[in-house]
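Reviewing the structure listed below.
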Amino acid sequence: MRVDNFINGKFIPGSSGNTEKVISPVDGKLIAAYTTSTKEDLEAIITTATEAQKQWQNITLKERVQVFYRYKAILERNINFLSDIIVQENGKIFSEAKAEIEKAIELCEFACALPQFAHGETEEVSVGVQCTSERYPIGVVASIVPFNFPSMVPHWTIMNAIALGNAFILKPSEKVPVSSQYIAKYLQEAGLPDGVFSIINGGSDIVEMICDHPKIKAVTFVGSTKIAALVYKRCTSNLKQVLALGGAKNHIILSPDAHQEMAATNIVASMSGCAGQRCMAAATLLAVGDCDHIIEKIVNESKKIQCGNNLGSVISKEAKERIENYVTEAERQGAKILSDGRNTTVVGKEQGFYVGPTIIDHATPEMAVATEEIFGPVLTIIRCKTIDEALAIENNNPYGNACSIFTQSGSIASYVSKRASAGMCGVNIGVPVPREPFGFGGWNQSKYGSGDITGKSSIEFWTKAKKTTVKWNPEAGINWMS
Ligand code: NAD
């Protein structure tokens, strides 16, 4: 398949002349190719987006969201087809891919509901004097997205930003650019005017151009912390509004009183789902006191997971090697491998990139497997004597996306939730993703910028407030700052 830019309602190849291949991690086969973009391609998009936005902002919010009612129905009709594409380009299993589209549908529902709560406010601030606050779109905006959710992460921003009156440019991950082609096709089918949504394909050079371009007024980024920091600094130095979500190293604190089945199944699902390539995945298990009975269940649960069946591939050969090297290094340093997913192949898909569920026990807090983002189906266990020792390890990590506690005690749950240094906490939940209308966003090095990327706080991000103070009656409030 050929992957193109989407400019003014048309699919047009990038003009650099350099072709990039898209390899399926499922079996190592070529599935698509695209030509990378140039500065001229981005300029062409910005010109048409600027024109389109002028018209789009003049329509009411109620009318703009009608596109997303139709778009939601299109997503629902094509859910299996879209899920298959995600499986091919990203490697996750079908049910996980389908969950991405289901989440996109939920995000669509939120965007459709915006007229119910993204309205202005009016108050009589002095006798006969009214102050009104109204939300205005920002203009042309852009989102730069990672490989691990080819459809869900773009949908975090596309619909709210467009519904609120902006023109939107998407820079997909070069590893998974195919799903975005169908976002463009279906938005057009739903009646979105040409130029309001655009796609530019490419890598770091295009990202830098987006950060630098004065006509792009706001940028969101989702990806690794290293690049999030670069994008945040570059955009802010260009006086641009930016929210940049970075990587993660999520901790689960396990109390020995936890419900055994619930803890084991949830923890294994969290560490292995999407092959551990989730910014909300369980990465480090802080086992407090004697948790052997639950750890044994976790290991047994992990044995039910089979690559190519209920566990997908990781994104690339390099990712597989990186993940396996982390495990080998931990073993060399004295950690115990309870479940070993290295050197895994799937019959009939020998060229795919698979890592089986891997559990490392008796790691120390200083080991790389305990501190760095591995982004694979690997759970590192650190044994702790007390909840406070576990919390100290969690608090000391530089990231802050998610933290969960597994316990049957309300007081332990509340003690941990209050003290964890993470933006998204869970109690007996392996993947504590807040659902709409709550916003998604971490703390510390997992997010640069203020507010969350979804939910109500995204309304603040995608709009600017205009406050108007009005006095009509000459006799009213004559002393009101006049
Ligand atoms: P990545 O940082 O490598 O790439 C993300 C985007 O940045 C891509 O579009 C890529 O083209 C671009 N990019 C890559 N290198 C660049 C450079 N040097 N300069 C400018 N742009 C560059 O991330 P990835 O590997 O695609 O995704 C995995 C990472 O994303 C993990 O760290 C994961 O935790 C993180 N992630 C975070 C969240 C969150 O909500 N916090 C959500 C999903 C993924």
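Counting starts at 1 for both ligands and their atoms, in listed order.
For ligand 1, the polar-atom distance check against C279 finds no nitrogen or oxygen pair separated by under 3.5 Å. For E174, a nitrogen or oxygen atom sits less than 3.5 Å from a nitrogen or oxygen atom of ligand 1, counting backbone and side chain alike. Looking at E373 next to ligand 1, an N or O pair under 3.5 Å apart turns up. The shortest N or O to N or O distance between T225 and ligand 1 is not under 3.5 Å. Residue F147 has at least one nitrogen or oxygen atom sitting less than 3.5 Å from a nitrogen or oxygen atom of ligand 1, judged on distance alone.
Counting protein heavy atoms only, atom 19 (N) of ligand 1 is closest to S204 CB, 3.3 Å. The nearest protein atom to atom 23 (O) of ligand 1, hydrogens excluded, is given as S224 N, 3.5 Å; this is a heavy-atom distance. Here the heavy atom of the protein found nearest to atom 40 (O) of ligand 1 is F440 CE2, 3.1 Å. From the protein, the heavy atom lying nearest to atom 37 (C) of ligand 1 is G246 O, 3.0 Å. In terms of protein heavy-atom proximity, atom 8 (C) of ligand 1 is closest to V145 O, 3.3 Å. The nearest protein atom to atom 28 (C) of ligand 1, hydrogens excluded, is given as F375 CE2, 3.6 Å; this is a heavy-atom distance. Looking at atom 13 (N) of ligand 1, its nearest protein heavy atom turns out to be I227 CG2, 3.9 Å. With respect to atom 27 (O) of ligand 1, the closest heavy atom belonging to the protein is P146 CB, 3.3 Å.
Close approach to K171 involves these atoms of ligand 1, each under 4.0 Å from a residue heavy atom: 8 (C), 9 (O), 10 (C), 11 (O). Per-residue contacts place N148 under 4.0 angstrom from the following atoms of ligand 1 (heavy atoms of the residue considered): 43 (C), 44 (C). In summary, the atoms of ligand 1 found under 4.0 Å from a heavy atom of G247, numbered by their order in the structure, are 32 (O), 34 (O). With ligand atoms numbered from 1 in the order given, ligand 1 contributes 40 (O) to contacts under 4.0 Å with heavy atoms of W156. Within ligand 1, the atoms closer than 4.0 Å to a non-hydrogen atom of N401 are 41 (N), numbered from 1 in the order shown.
Under 3.5 Å, the side chains of Y399 and E373 contain no donor-acceptor pair of N or O atoms. When only modelled atom types and interatomic distance are considered, S339 and T358 share no side-chain donor-acceptor pair under 3.5 Å. A donor-acceptor contact closer than 3.5 angstrom links the side chains of D41 and S15. Between the side chains of S179 and E89, a donor-acceptor pair is found at a separation under 3.5 Å. The closest side-chain donor-acceptor pair between Q188 and D194 falls under 3.5 angstrom. With hydrogens and angles left out, the side-chain atoms of N250 and N401 include no donor and acceptor closer than 3.5 Å.
In this structure, Y326 has its ring center at least 6.0 angstrom away from the ring center of F375. The distance between the ring centers of H155 and F110 does not fall below 6.0 angstrom. The six-membered or imidazole ring of Y182 lies near that of F81, with a centre-to-centre distance under 6.0 Å.
Between L338 and the choices I360, I359, L379, the side-chain contact (heavy atoms from CB on, under 4.5 Å) rule is met once, by I359. Exactly one of D452, T454, L107 qualifies for a side-chain contact (heavy atoms from CB on, under 4.5 Å) with F440. That residue is T454.
Proximity of atom 4 (O) of ligand 1 to the protein is not indicated, since no non-hydrogen protein atom lies closer than 4.0 angstrom.
Annotation: cation-pi pair K349/Y354 absent, no NZ/CZ under 6.0 Å from the ring centroid and within 45° of its normal.
Proximity of Y399 to ligand 1 is not established, as no heavy-atom distance is less than 4.0 Å. Proximity of G442 to ligand 1 is not established, as no heavy-atom distance is less than 4.0 Å. Taking a 4.0 Å cut-off on heavy atoms, F221 registers as neighbouring ligand 1.
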Test side-chain hydrogen bond (donor to acceptor under 3.5 Å, both in side chains) applied to S37 and N201, step by step: CA-CA 6 Å; S37 310; N201 287 296; 5.7 Å; no
